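Heads up: the structure comes next, in structure tokens.
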Amino acid sequence: HLGETDYFWISSIAMEREMADEEKRLSHCCDTMENDVDRGFTARYCIDTIDRISADTRQWLSVLNDGVLSRFHPRSGVSPPQKVSLAHILQCLVDHEGHHRGQIAMIKRKLRERNA
């Protein structure tokens, strides 16, 4: 899910292009509502995939300068169409990942309490 979100916002919106089929497969972009574990993907596969997506994103971002943070990118497919800045996109991705990290921390705490 984090990989799908990261790839969608960076590869589609910020880079202003359609994702290739290989990228959609890599990020499992909108292919099903079933989660990866239920589909038989291992934890190692999921971790390797999010690492690859993160590396691709960092590589693309590394060649940019601060001036592009305020540039607006069109987002079609929503009504009404929107324009979002790269700074806004990055902040949303950070917030989204932080939200899920908090959930994971809570689950780990509950598991430790249950196994104590």
Side-chain angles (χ1 to χ4, degrees):
H1 169 73
L2 289 172
E4 177 182 23
T5 303
D6 193 343
Y7 239 56
F8 169 77
W9 281 101
I10 298 299
S11 294
S12 288
I13 305 303
M15 294 174 80
E16 296 181 11
R17 63 183 187 81
E18 282 290 320
M19 286 193 300
D21 287 341
E22 170 59 25
E23 293 169 314
K24 289 178 183 177
R25 278 191 297 278
L26 173 68
S27 65
H28 302 216
C29 191
C30 302
D31 61 355
T32 181
M33 292 302 290
E34 188 178 24
N35 73 46
D36 290 342
V37 174
D38 291 340
R39 292 170 44 195
F41 294 111
T42 65
R44 173 56 37 211
Y45 168 82
C46 293
I47 291 167
D48 289 347
T49 300
I50 193 69
D51 285 348
R52 179 175 167 195
I53 290 168
S54 295
D56 289 350
T57 298
R58 281 191 306 275
Q59 181 180 5
W60 183 75
L61 291 170
S62 71
V63 300
L64 304 178
N65 61 40
D66 290 346
V68 301
L69 289 174
S70 59
R71 181 170 171 245
F72 283 91
H73 303 273
R75 181 179 180 209
S76 57
V78 294
S79 183
Q82 302 172 339
K83 289 189 176 189
V84 293
S85 70
L86 181 56
H88 176 79
I89 290 170
L90 293 174
Q91 184 62 56
C92 287
L93 289 173
V94 167
D95 290 347
H96 181 237
E97 188 166 330
H99 172 76
H100 286 303
R101 285 183 185 268
Q103 290 174 328
I104 292 167
M106 181 186 65
I107 291 167
K108 288 170 66 176
R109 186 181 75 242
K110 295 287 186 185
L111 287 171
R112 280 193 299 270
E113 290 171 2
R114 193 174 99 188
N115 292 327

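Quick caveat, the model's predicted, so the values are computed rather than measured. Note that the numbering runs from 1 along the sequence shown for the chain. These values consider heavy atoms only, across backbone and side chains, with no hydrogens, waters or symmetry-generated copies.
Summarising the geometry, atom CG belonging to Asp66 is positioned 10.5 Å from atom CG belonging to Leu86; distances are rounded to the nearest 0.5 Å. Interatomic distance, CG of Leu90 versus OG1 of Thr57, reported as 9.5 Å (0.5 Å rounding). Considering CD1 of Ile10 and CG of Asp56, their distance stands at 11.5 Å, rounded to 0.5 Å. To the nearest 0.5 Å, the span separating CG on Asn115 from NZ on Lys110 amounts to 13.0 Å. How far NZ of Lys83 is from NE2 of His73: 11.0 Å, rounded to the nearest 0.5 Å. Summarising the geometry, atom CZ belonging to Arg75 is positioned 9.0 Å from atom NE2 belonging to His88; distances are rounded to the nearest 0.5 Å.
Surrounding CD of Glu18 are at most 12 heavy atoms belonging to other residues, nucleotides or ligands under 6.0 Å away. Heavy atoms of other residues, nucleotides or ligands lying less than 6.0 angstrom from CD of Glu16 number more than 12. When the shell of 6.0 Å around CZ of Arg109 is examined, it contains more than 12 heavy atoms from other residues, nucleotides or ligands.
By the side chain to side chain contact (heavy atoms under 4.5 Å, CB included) test, Ile107 is found to be paired with Leu111, residues two or more places apart in sequence or in another chain being considered. Residues satisfying the salt bridge (Lys or Arg N to Asp or Glu O under 4.0 Å) test with Arg101, not counting sequence neighbours, are Glu97.
In terms of heavy-atom proximity, Ile13 sits nearest to Pro74 at CG2-O, 4.0 Å.
Under the 4.5 Å side-chain heavy-atom criterion for Ile, Leu, Val, Met, Phe, Trp and Tyr, Phe72 and Met15 are members of distinct hydrophobic clusters.
Ser54 places no side-chain N or O within donor-acceptor distance of the main-chain N or O of Asp51, the cut-off being under 3.5 Å.
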Working for side-chain hydrogen bond (donor to acceptor under 3.5 Å, both in side chains), residues Gln103 and His100: CA-CA 5 Å; Gln103 290 174 328; His100 286 303; 2.7 Å; yes

